[in-house]
Number of protein chains: 2
Amino acid sequence: MTKPRSRRGGGRPTISDVARKAGVGAITVSRALREPGRVSEDLRRQILAAVDELGYVPDPNARALASARAEVFGVLVPSLTNNVFAEVVRGIYDSLSDSPFRIQIGNTHYSGLEEERLLQVFGSQRPAALIVAGIDQTPGARRLLENAGCPVVQIMETGADPVDMLVGFSHFDGGRTATEHLLRAGYRKIGFIGARMDPRSQRRLAGYRAAMEAAGLFEPRLVTTTPVPSSVSLGRELFRDALAKMPTTDGVFCNNDDIALGVLFECHRASLDVPKQIGIVGFNDLDMMQVSFPSITSVRTHRYEIGTRAVAMALAAIAGNRPEQRVVDLGFELMPRESTAR
Amino acid sequence: MTKPRSRRGGGRPTISDVARKAGVGAITVSRALREPGRVSEDLRRQILAAVDELGYVPDPNARALASARAEVFGVLVPSLTNNVFAEVVRGIYDSLSDSPFRIQIGNTHYSGLEEERLLQVFGSQRPAALIVAGIDQTPGARRLLENAGCPVVQIMETGADPVDMLVGFSHFDGGRTATEHLLRAGYRKIGFIGARMDPRSQRRLAGYRAAMEAAGLFEPRLVTTTPVPSSVSLGRELFRDALAKMPTTDGVFCNNDDIALGVLFECHRASLDVPKQIGIVGFNDLDMMQVSFPSITSVRTHRYEIGTRAVAMALAAIAGNRPEQRVVDLGFELMPRESTAR
DNA sequence: GCTCGACATGGTAGCGCTACCATTTGTCTG
DNA sequence: CAGACAAATGGTAGCGCTACCATGTCGAGC
């Protein structure tokens, strides 16, 4: 009658090792670790001492299995290298670093199908919460989110009909505000240059169009877009295309700051004076916008805050006090700079 | 005598539901899913049909508990927003997207203690593999890696004494090569500008210093560094500081491309001719380096490949055929451009 | 015909933890 | 001082899966 002790486990201490050492029941150890308030001061001390001495670390897999709930935040973003999402993710990490929650990031590559697949994978773990970028999920993905059985926060946008909660801002308004700024500065032949053209870019384009139409200045040939992923070099190329199409262009609203920077560099190369001959507005307001020469006007978005706020809302919902405000609009801020100061 | 069926689980189908439906034992379902070759054609078809019909998805937590091994890659990087690590992580994701492995990223914030803490957390899950940035772990972290019981790949550097496997390149050589290039182009008062100054930056600085000393041109006052995180605007500031200290500076080797871009912008602002009056070399060769005006010489590093290669090595080790080459040097490539062409 | 081993399948017993319920003890009420 | 009730602790029975071992079947080899 030998005890088969630790058939597979690498001999790591388990909760009953701790319990034995502390002279208590296993369940009390479990409680001492998760709800310290429910265990008497004395025992708690004893237990923590035993934990320390044995170097006990709870097994999150066993925990998840027994409680039917993993201490994991699932995060779905379309890109990892895009600075915007990197900032959001950083906000999420920073807000969660002192919590017991682990983070699992999925990269959807801007694909609805991939998003659906990842949602399936993430859902099978019974995560504590899900944070997903965007509001344009496929019907299948939306159903998965609705049945996830955990708080869900959609991020980056605003809208009336979130799955559960929503934090972001209006890309349409951002695009319109940027364009109106150029109009106010006196630019007339204002182009739109955009890469990737995901749903958010589309909404910024729609905002641009609304502003241009309101001014009676919209022309389809002012719009230059591509589904290719955004980059500084692409910005330069697209601007050249745009100028070839419309040589009288006197301003551009760029889909994002990378594109804007590419446009600025092309202006330097082509000896086009910014802001005199060409006005430039970017989107997101990365650090470099204020440093470039000339500095570039941009629409500042609160990316890091979107991450922290999404986590805060999810944590509140987990704790049982779901925020009454299910949709949070963090807005944006136009940062006028030299590139439009003529 | 009611059956307590699914006391807690959200009523999701389990492996025995599938087994019952397919008319086989649970263990056969398990095998059909993990080692299809060991189950007869007939049963396999039946089982997969049942899986489909019920919408069965295996519970990774239960799986991990039973097999004492989670299908998780733990990845530890010092920053999520730094483009360099974002690219590495992208490589890791892309290489793992068709595998059953999930990815868990930890952000160490350049802190050895935080790295140690995260290693503890990650280790408790019994991950399939660990990928960690750098070779300068604390003794405690190194011990945790050695006892992780899974393949470990250190990345971003080369060295003689990896914990297990290592993929990267020599930052010292990179720094020296960049500096030698400036020297060859005729620059003499070459400054070093660096932010953050993590171990890799330190090695690049050491490479710079070696090259300058070999040329008999090293001076401590040519070096301008700060522990502050890197950014374009910081690059501009540091360059101003450097010029104030050493007005005769005629070239700079920048710790990274952000700093280099900041230097370039400051040159524009101060009407310093690049490359005539000031030569600039960056590090990493981000896309924008080739687009800027003038384009900036940089040291191209193979970040994405570091990620894919690290995963390939880990997967090989998991499969039992540990690569004979435990240390892989992916090298780097100097990209000479206008910023040093005088 | 019989043994042997390869192959296919299944049963049993956990993996390490927590939900649920039971028990004990102490404290407060009337 | 009985009764009620809260607080502290423990036992039992799983969570859903897989490692391990057992069983059955079949054809090859003697």
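Residue numbers start from 1 in every chain, and the chains themselves are labelled A, B, ... in the order their sequence lines are given, proteins ahead of strands.
Counting to the nearest Å, the C1' atom of dC15(C) and the CZ atom of Arg12(A) are 11 Å from each other. Between Ile15(B) atom CD1 and dC15(D) atom P there is a gap of 14 Å when expressed in whole angstrom units. Here the P atom of nucleotide dC17(C) and the CG atom of Leu33(A) are 9 Å apart, to the nearest Å. Spacing between atom CD of Gln125(A) and atom P of dC17(D) amounts to 14 Å, rounded to whole angstrom units. Arg126(B) has its CZ atom 15 Å from the C1' atom of dC17(D), to the nearest Å. Rounded to whole Å, the distance from CG on Asp42(B) to C1' on dT25(D) is 16 Å. Atom-to-atom, OH of Tyr56(A) to C1' of dG16(C) comes out at 7 Å; the value is rounded to the nearest Å. Regarding Glu71(A), its CD atom lies at a distance of 13 Å from the P atom of dC17(C), rounded to whole Å.
No donor-acceptor distance shorter than 3.5 angstrom exists from the side chain of Asn147(B) to the backbone of Leu144(B), with no hydrogens or angles considered. Between the side chain of Tyr93(B) and the main chain of Ile105(A), a donor-acceptor pair closer than 3.5 Å is present. Ser67(A) places a side-chain N or O within donor-acceptor distance of the main-chain N or O of Arg63(A), the cut-off being under 3.5 Å. In this structure a side-chain-to-backbone donor-acceptor pair under 3.5 Å is missing from Asp94(B) to Gly91(B). Here the side chain of Tyr110(B) pairs no donor or acceptor atom with the backbone of Val77(B) at under 3.5 angstrom.
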Item checked: Derivation and outcome, salt bridge (charged side-chain N to carboxylate O under 4.0 Å, His left out), residues Arg322(A) and Asp164(A) -> CA-CA 10 Å; Arg322(A) 199 165 273 277; Asp164(A) 182 3; 2.6 Å; yes
Next item on the list: Test Glu53(A) against Val18(A) for side-chain contact (heavy atoms from CB on, under 4.5 Å), laying out the working first.
Entry: CA-CA 9 Å; Glu53(A) 194 170 341; Val18(A) 177; over 6 Å; no
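Of the N and O atoms on the side chains of Glu114(B) and Thr108(B), not one donor lies less than 3.5 Å from an acceptor on the other residue. Donor-acceptor pairing under 3.5 Å is recorded for the side chains of Gln154(A) and Gln137(A). Remark: the Arg34(B) side chain and the Ser30(B) side chain contain an N/O donor-acceptor pair separated by less than 3.5 Å.
Distances shorter than 4.0 Å separate none of the side-chain N or O atoms of Ser30(A) from OP1 or OP2 on dC17(C).
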Item checked: Contact state string [nucleotides 7-12 of chain C, B base, S sugar-phosphate only, - no protein heavy atom under 4.0 Å] -> --BBB-
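Scanning all heavy atoms of the two residues, the minimum distance from Arg102(B) to Pro60(B) falls at NH2-CB, 3.7 Å.
Which of dG16(D), dA19(D), dA19(C) sits closest to the side chain of Ser67(A) comes down to dA19(C).
Across the helix from dG1(C)-dC30(D) to dG30(C)-dC1(D), the helix axis at one end is tilted relative to the axis at the other end by 30° (nearest 10 degrees, each axis from five pairs).
For the segment residues 48-55 of chain B, no residue has any heavy atom less than 4.0 angstrom from an atom of DNA chain D.
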